[in-house]
Each structure stands twice: as structure tokens, then as C-alpha cells.
Amino acid sequence: MEKRYDFKAIEPQMQQLWNDHGVYKFNKAAPGEVYAIDTPPPTVSGSLHIGHLFSYVQAEMIARFRRMQGYNVFYPFGFDDNGLPTERLVEREQGILAKDLPRSEFIETCAATAAKYEDEFKALWQSLGVSADWELCYQTVSPQTMALSQKLFLDLVQKGKAYAKESPVLWCVECQTSIAQAELDSADAASTFNTIPFMVEGNPLHIATTRPELLFGCVCLFVHPDDARYTHLVGKQATVPLYGYDVPILTDEKVAIDKGTGAVMCCTFGDQTDVEWYLTHKLDYRRVMMPNGHIADDVPHIGGMYVTKARKTIIAMLDEQGLLVKSENITHAVQTHERCGKHVEIIPSRQWYIDVMTDREKFLELGDKINWYPANMQNRYNAWVENLKWDWCISRQRYFGVPFPVWYCADCAAPAFASAEQLPVNPLETACEGTCACGCSNFTPESAVFDTWATSSITPQINELAGGPVPMGMRPHAHEIIRTWTFYTIVRSWYHTGGLPWNDLMISGFVLAKKGEKISKSKNNSANDPATLIATHSADVLRYWATNARLGTDTFFDADELQIARRFITKLWNACKFAIGHLEDYAGGDITQPVDKWMVARVDEVLAKAKKHLYDYEIGLARHEIDTLFWHDLCDNYIEIVKDRLYYPEKHGEAERKSGQAALYYTLREVLKMYAIYVPHITEYLYQHFFKQHEGAESIHLLQWAQPAEVDPQLLAFGEQLKEQISAMRKVRSEQNLSRKDPLANYSIDAGEFAAWFEATKKDIAACENVQEIVV
RNA sequence: GGGAGCAUAGCUCAGCUGGUUAGAGCACCUGCCUUACAAGCAGGGGGUCGCAGGUUCGACUCCUGCUGCUCCCACCA
């Protein structure tokens, strides 16, 4: 074997070997229970970062683990290429805006960009040694996925779970589309809290607002029914300042008495509460805000202005006319769109929704039936479901997505749906086939596309097309998309199948750059981008690093920590180099020596412990067990003890040497198999180099872990005592500053109950520690 | 405002259902070129386990309160 392990040459070779032999190919007919993983299809919204690597690698190791326990693993990959994330990327990269281009041209650009990134992503995952079956790869924008997505949408329509309505909806003025509650972020924004007077029967009634530009949208004032200050005003009319029209003064329990002046104006629409009041009090709609963030042209004083300019203008006017009683600088949280970071408005429009409010109790119940790893992540799901306010708006006034298979009757506006045979269909390109119930055969196509989550929420069904089982075994992802991907998928699964989408959820943490800062794609610095890290440090090193953190907990990335992983790879290489050198003539044989039996017992103990952790998705805890076995028991102690016996059979005996070989072979083979899930390249190379001739299988990854034998606790106790004795001898040497070459004088071991075993081992120990004579 | 998680050596963390002198890696100190590995090995120093109570024969571990940090959700006139 070479002195050093050359990962740059070997990692691609091993990947090629897996590919050539179809090592990870899924065969439905193969033996073993099917274990299916619902891989998160990454959105095409920029380059991948270390956080993706961290999260995906952990799930990937579970695939490898299950495979090596005899499961028939269905491990697909996908790309969520449709939707706003890709559109934003294209707009950003090319300096264009979708609305300025012909629809088809923009879609083509998106498709080309998605394809480019998908190749890049796929190359990255392959260079990491991801053991997916790439023939099971899907795209959410492909014709097959589109057809399925449309089909399932029609299923929801039929079941009464998808519907269209004209209603106030969350609206991003930047992306100019409706959005869903799940896509909201919040950000602190500087603002002013302005107190302005409404006149009631000649007396001023002060209200405070941060949105004075919406004054023209004011439809009423509210006070709390128990607020004694205002009881005498309830039911009277108040005059809107600057605009001079009257609105009623009403009461509502939701008014906070201690906020502002305790009286509040209700506009269409300043916030969520306005919407609730609009609905419960059946208020008028007065249009102020347009979909592009500008004020409607017919609004006096500020018509046509962008919202921020309009606000300044109105405040200045109020001030000039002595109507600004107080203006206080404040910082408050505002709702923003997660994709662009711009503030979100509420604007009425006709949109499609999926009913998520009716069955909330059911969704909580379903959450209880899923195994959450770690368990506390279910809290986030519950909090989200309990706090839902809107049905899920799934229509987006965008371009690169799955079209609604819907037209509207030109006469009566009733929707007409595509037939199953037509799918996938783009109503903008294909005419509606039928006639409307009203007799009309003129139709207008729906131009909106699905929310990207409306398609990615059916990944179990997409995978089913490729032969996957439903429910799937496990879904892995990081904790920030519980409210979207997890929730939506549970909803869809319940509606379409009446069951769960998967049995287990494996939730990983984030990789943070420093305290509290999430690594974002835009801040990706080149030294820490995954491709560079792999090229510099190797896939195995990064994979090993990625298993440091506990499942679900966030971790910090520090390139210095990769050194630990690199050290491990070197150690594994050197240990195998030594062992293989002494196993060239290995031909089986009995394990007779007590210390050899101890080593094997330790391996069996760790096999059992590691399995238990890995079935609980605790990859890091499992690795910790294996590390202790490999580094401390095998390298630091066992190899040193058995070394002399392997070198000098004439001194220790041929059978004794064979016993050592057999224990070493078993230990190393099982250690390599355990590490194979973490560092698949170097373990494969070592397998190919030596073990394959004995084991036969084309790849180490086609082997199964040994079934551990019942471990004799006496053997383990003996091993512990043996290590203590050796440590004591080493301490003596160290304290006397002795070289290895200087022999220690006679050493006496108080062996207690293990006298016979120590007696049988004392020659090994003497050679190992260079002691002249050991007395048991 | 509600909820969750975290707080252990200078740094990054492990210590699960309470039980002998609290562990690992990095860093630090000392020694060792030992026929796998100096990118290594051996030995060592270093912690009142965030604070205050409580339960217990016994608490890093369980309970209560507090402090600090992180996250989720809500508020956001």
C-alpha cells in the first residue's frame, strides 16, 4: 500500500466503481423490506452551501446504514426547480424582471438556468459520494410531475378541498403575486407612530397609525366595548382627515385599550386584523393599494405614488394642516416575503386555496402518529398548525411553475377543469374542450401557476411513480421547513391517501457561520463553498465532520475542525496498512487467545450499540462508539499487543499468530463496514485492495454488518483491566523519561480473577511494553 | 406574550432513564524518531458541571425559580 492515501485520485475512482456496478440501484424485486427515503429536492435558488452538505449527508448515511442491515433501500433524488425561487435566481443573475419579458422567453430562461444548476448540484452530490439511485431522479417542473401535480389538484377540487375565492390575500408587491402564510418572514422596521384627529361632532377623536397613507381606505373606527372613554361616541360618525368623508365608530373586543389612544382606524387593508374586521363586520372595501405597491390613481393627494413616498407625502400634508398631533419614532415588526425580503400587503383578488383550516385537529393528530427525530421538533409543527390563520393560497401570479388546469367561462365565470387525458396541460396554450353549464363555449385560461410547495408537497406520490412505497420510511430535512414542507405534505397525504406520507421524520440542524448567523447562499464565500471544500479536504473528511453535531442541533462551521477528520482518515489508512501487511497469508482459523477474544467481544458490543443509535438516527452517537473502538481499543491497545505475535510466530507459536490474524481480520472488516456509512470512499478502497478477495462482493457497500454474538461481560472486564495494566506500565516509562528501547525491569500484575487470561497474555504484554519479565 | 432548546476544561462538545476519583477532541506542558502512523505515540496540568433553592442515603443527571444565549410562533392599529 502507498504511504499516503491519495483521496484526489481514489474518491473519483470509487464513485466510478459504484456507478459501473450499479451498487446503489434500487430493484423492487430485490430481497429485504423496502426502506424509502423522501429526499428533499433542493430548490434551484443559488449554489448549495455547507448547510445543505451537512443535512443531506446525515440522511445519506442512514440510507447506507439501512442497506447494510439488509433493507432494500429506495433512495431517490429530486430537484425542486419550478417556482419563485428559480424565478428570483434568474432575475438576479440576468438582471431582468419576469414582467418585462414575453412569458415564454422567461420560462425558457428559467428552464435553462434550472438545468445548469441541476447539473452542478448533481455533480456536487456525486462528488460527496451520495448513494442515491440517480435513475430515480425527478424534477418538479417535468411533464410527468406537472401531470401528477395537476391530477392531484383536480382530486382536491373534486373532494372540495381546493377552491377559488375572491378575498383579501397576502400579496408581495415586489414579486407581484399572492403568497401563503408560510412564506412570511418578519423584520424589524423603523417607522413612525402618528396620532391624527378624526372629528366627531366638532370634537377631535385621536387615533394612532403607522400607515397614514391608507387613510383613504379607512372604513370605520373601532374602540373597545368596555372602554369608558369612548362609550359615548359609539355609533356616531367620524370625519376622515384630509378626505372629509364620514365613517362609523364601532366596537370590537380585539381593540387593545392600552395601545395608542385606544381608538383605531380600520382600513382595507393595513393588516390581518383589518381583514378580520372586514369579514366579521361586513365592511366596505375602499381600494388604496395596487398590486405593484403604488397607490391607486383615484386616491386624492397621493394617487400613483409608491407606498413609501405616499406615506411621507401624507405625513407632510397632515403636519402642514396641523393634523399631526404627535409623531413618534418606533421600531416594529413588519411582515415580509421570505423570497425577496420586501414588505407584504393585503390586497383582494381571486385566488385558489387548499382548505387547511377545517381539519386542523386531524393534522395535529397525524403529527402525533409520526416518529419525530428528535422528538421535540414536533413542537414546531404543533405551534404552526395551532396558529394557522389562512387557508393555503396556492395560486401565484408568476410564470415558471405548474399551470392550473383551469379555464373560466367567458359568460358566467364558472371554472372548467381539464380532463385527466389532457394532463399535463397549459391552459394558455390549449383550449378548453367542453362547454360550460351555462351553454357558453368561450373560455378564458387561468394564467396563474401553482405555489412551488403545491408540487413539492406530493413528493411521496412523485416517488411512487418511480416505484417507491407509500407511506415512505423516512423524510430528512432541516428544521426551518417544518411549517411548509412537513405540514403541506401531511395535508396532501391525508387528502389523497387518507394516511401518512412517511413513518419517520429526521430533522437536522443548521450550520451557522458564527453565533446565530445562518449561512445564506448569497453570503457564500468561495473558500467555504462545498465544491472547494471537497476538492481541498476530500468528501470523506467533510462527511466525517458532518456527523459531529447531535441530530437537530445547530453547529458552527470552522475549517480548523476538519483537521480532526483528516487525522482520522490518516489513522484508518495507517492501521489498515499495518494490518493488511500481516494478513496477506490469512486463511481463517480459530481465535484462541484471551486478548483476541476480548477484541472480538468489543467489536460485537459496538456493533450492537451503533445499530441501536443508528435506528434512532443518532449518527453522531453511533460514530462516537465506533471511534472509541477503533482508535483506542484497536489502534492504541490491541494492535500494539498483537504486533509481536504477528511478527514472530517462532517466538509466540504459529497457532497463536493465526488466532491474532483471525481476530484482526474480523475486527478490521467490521470496523470498515461500520465506517463505510461515514467515509464510503476510503473504506471501499481498502475493501477492494484486500478484503474483496475473501468476501467476494463487488463492493463493501453490498455487505451487511455482522450479527453480533452474545458478548461475555467477563471478556470485556478482562480487556478493561488489561488496558489499565498497560497504561500503568506506560506511565512508569513516561515518568522515568525512558525510551521505548530501554526495557522496563520486572513488572508484577495483580490479575485477580483473570489470572489465567493474564498468564496467557503476558508474553504479548511484555513485548508490547518492552518489559523484561511480567509476573502475574 | 406563548413555546422549545442550550448553558460542563481556554475553545468545540459527549455525558440517555440519578450511584464509585466528571469524559473526548483541539489548545497547553513533558517525554518518546517505537519495523502502521512525528499528519504519530505515551504521560500530564486544567472544571465549585450558569445561579439559588428543593427531592434523595446520594444530583451534572430529577423538580421549582432566576439569569444569559439561540430558535420557533404570536404581536406588529
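Other residues, nucleotides and ligands contribute over 12 non-hydrogen atoms within 6.0 Å of the CG atom of A:Asp368. Remark: A:Lys651 NZ is packed, more than 12 non-hydrogen atoms of other residues, nucleotides or ligands lying under 6.0 Å away.
Nucleotides B:rC60 and B:rC51 place their P atoms 11 Å apart, quoted to the nearest Å. Taking atom C1' in both B:rC62 and B:rG1, one finds a spacing of 29 Å when rounded to whole Å. Separation of the P atoms belonging to B:rC13 and B:rC57 is 37 Å when rounded to the nearest angstrom.
If you check every strand for non-hydrogen atoms under 4.0 Å, A:Ala256 touches a base. Contact annotation for A:Phe222: no contact, since no heavy-atom pair falls under 4.0 Å across all strands. Using a 4.0 Å heavy-atom cutoff across all strands shown, A:Arg733 reaches no nucleic acid atom at all. At the heavy-atom level, A:Trp631 lies under 4.0 Å from the strands shown only through sugar-phosphate atoms. The residue A:Lys612 sits apart from the nucleic acid: no heavy atom pair falls under 4.0 Å. Among the heavy atoms of the strands lying under 4.0 Å from A:Cys635 is at least one base atom, whether or not backbone atoms are also near. Residue contacts shown for A:Asn770 are absent, as no nucleic acid heavy atom lies under 4.0 Å away. Counting non-hydrogen atoms under 4.0 angstrom, A:Glu640 reaches a base of the nucleic acid. Contacts of A:Ala208 with the nucleic acid, taken as non-hydrogen atoms under 4.0 Å apart, involve only primed sugar atoms and P, OP1 or OP2. If you check every strand for non-hydrogen atoms under 4.0 Å, A:Lys577 touches sugar and phosphate atoms only. The residue A:Gln181 sits close only to the backbone: its heavy atoms come under 4.0 Å of sugar-phosphate atoms, none of a base.
For the OP1/OP2 pair of B:rC75 and a distance below 4.0 Å, the side-chain nitrogens and oxygens of A:Lys254 include no atom meeting the criterion. Contact annotation: A:Lys731 reaches the phosphate of B:rG44 (side-chain N/O to OP1 or OP2, under 4.0 Å). OP1 or OP2 of B:rG43 sits under 4.0 Å from a side-chain N or O of A:Ser727. Between A:Arg550 and the phosphate of B:rG15, there is a side-chain N or O to OP1/OP2 separation shorter than 4.0 Å. Side-chain N/O atoms of A:Ser739 include one lying less than 4.0 angstrom from OP1 or OP2 on B:rC33. Between A:Lys389 and the phosphate of B:rA74, there is no side-chain N or O to OP1/OP2 separation shorter than 4.0 Å. One finds a side-chain N or O of A:Arg483 lying less than 4.0 angstrom from the OP1 or OP2 phosphate oxygen of B:rC73.
Between A:Tyr648 and A:Leu621, it is A:Leu621 whose nearest contact on RNA chain B lies nearer the 5' terminus. Nearer to the 5' terminus of RNA chain B, by closest-nucleotide assignment, is the contact made by A:Lys3 (compared with the other of A:His479 and A:Lys3).
Looking only at atom types and distance, the side chain of A:Tyr638 has a donor-acceptor partner in the side chain of A:Asp596 under 3.5 Å away.
Applying the side chain to side chain donor-acceptor pair (under 3.5 Å) test to A:Ser739 and every residue at least two apart in sequence or in another chain returns nothing. Judged as a side chain to side chain donor-acceptor pair (under 3.5 Å), and not counting sequence neighbours, the contacts of A:Arg669 are A:Glu695. With sequence neighbours left out, A:Thr484 forms a side chain to side chain donor-acceptor pair (under 3.5 Å) with no residue at all. Residues satisfying the side chain to side chain donor-acceptor pair (under 3.5 Å) criterion with A:Glu769, sequence neighbours excluded, are A:Arg730. Considering only residues two or more places apart in sequence or on other chains, A:Arg566 meets the side-chain contact (heavy atoms from CB on, under 4.5 Å) condition with A:Val541, A:Gln563.
Residue pairs satisfying the side-chain hydrogen bond (donor to acceptor under 3.5 Å, both in side chains) criterion with at least one member in residues 248-261 of chain A, sequence neighbours excluded, are listed as follows: A:Asp252-A:Trp277, A:Asp252-A:His281, A:Lys254-A:Glu276. The list of salt bridge (charged side-chain N to carboxylate O under 4.0 Å, His left out) pairs with a residue in residues 539-552 of chain A, not counting sequence neighbours, reads A:Glu60-A:Arg543, A:Arg550-A:Glu618.
If you measure from atom NE2 of A:His613 to atom C1' of B:rG15, you get 11 Å, rounded to the nearest angstrom. Between the CD1 atom of A:Ile641 and the P atom of B:rC41 there is a distance of 16 Å, rounded to whole Å. Rounded to whole angstrom, the span from the CD atom of A:Glu735 across to the P atom of B:rG45 amounts to 10 Å. Between A:Glu386 atom CD and B:rA4 atom P the separation is 12 Å, expressed in whole Å. Rounded to an integer number of Å, the gap from CD of A:Glu213 to P of B:rA77 is 11 Å. With rounding to whole Å, A:Lys643 atom NZ is found 11 Å from B:rC41 atom P. For the pair A:Ile639 CD1 and B:rC41 C1', the interatomic distance rounds to 13 Å; values are reported in whole Å. Between the CG atom of A:Leu184 and the C1' atom of B:rC72 there is a distance of 15 Å, given to the nearest Å.
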Review item, nucleotides 23-30 of chain B N/O atoms under 3.5 Å of protein N/O:
| residue | atom | partner | partner atom | Å |
| --- | --- | --- | --- | --- |
| B:rG25 | O3' | A:Arg567 | NH2 | 3.3 |
| B:rC26 | OP1 | A:Arg567 | NE | 3.4 |
| B:rC26 | OP1 | A:Arg567 | NH1 | 3.2 |
| B:rC26 | OP1 | A:Arg567 | NH2 | 3.3 |

Could you go through residues 626-634 of chain A and list every donor-acceptor pair under 3.5 Å that involves a side-chain atom there, pairing it with any protein atom two or more places apart or in another chain?
| residue | atom | partner | partner atom | Å |
| --- | --- | --- | --- | --- |
| A:Asp627 | OD1 | A:Tyr544 | OH | 3.0 |
| A:Asp627 | OD1 | A:Tyr675 | OH | 2.5 |
| A:Asp627 | OD2 | A:Tyr544 | OH | 2.8 |
| A:Asp627 | OD2 | A:Arg623 | NE | 2.9 |
| A:Asp627 | OD2 | A:Arg623 | NH2 | 3.4 |
| A:Thr628 | OG1 | A:His624 | O | 2.9 |
| A:His632 | ND1 | A:Asp636 | OD2 | 3.1 |
| A:Asp633 | OD1 | A:Lys723 | NZ | 2.5 |
| A:Asp633 | OD2 | A:Arg602 | NE | 2.7 |
| A:Asp633 | OD2 | A:Arg602 | NH2 | 2.7 |

Distance-only criterion, 3.5 Å: show the donor-acceptor pairs between side-chain atoms of residues 264-272 of chain A and protein atoms not counting sequence neighbours.
| residue | atom | partner | partner atom | Å |
| --- | --- | --- | --- | --- |
| A:Thr268 | OG1 | A:Arg286 | N | 2.9 |
| A:Thr268 | OG1 | A:Arg286 | O | 2.7 |
| A:Asp271 | OD1 | A:Thr273 | N | 3.0 |
| A:Asp271 | OD1 | A:Asp274 | N | 3.0 |
| A:Gln272 | OE1 | A:Trp390 | NE1 | 2.7 |

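Aromatic ring orientation, A:Tyr665 versus A:Phe691: tilted (interplanar angle from 30° to 60°).
Separation of the A:Tyr230 and A:His224 ring centroids does not fall under the 6.0 Å cut-off.
For a distance-only test at 3.5 Å, the side chain of A:Arg4 qualifies as a donor-acceptor partner of the base of B:rA39.
Interface residues of residues 374-382 of chain A facing RNA chain B, ordered by number: A:Asn376, A:Asn379, A:Arg380; criterion, heavy-atom separation under 4.0 Å.
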Base-pair map of RNA chain B as dot-bracket, where | denotes pairing with a different strand and pairs are Watson-Crick or G-U under 3.5 Å:
(((((((..((((.....[...)))).(((((.......))))).....(((((..]....))))))))))))....

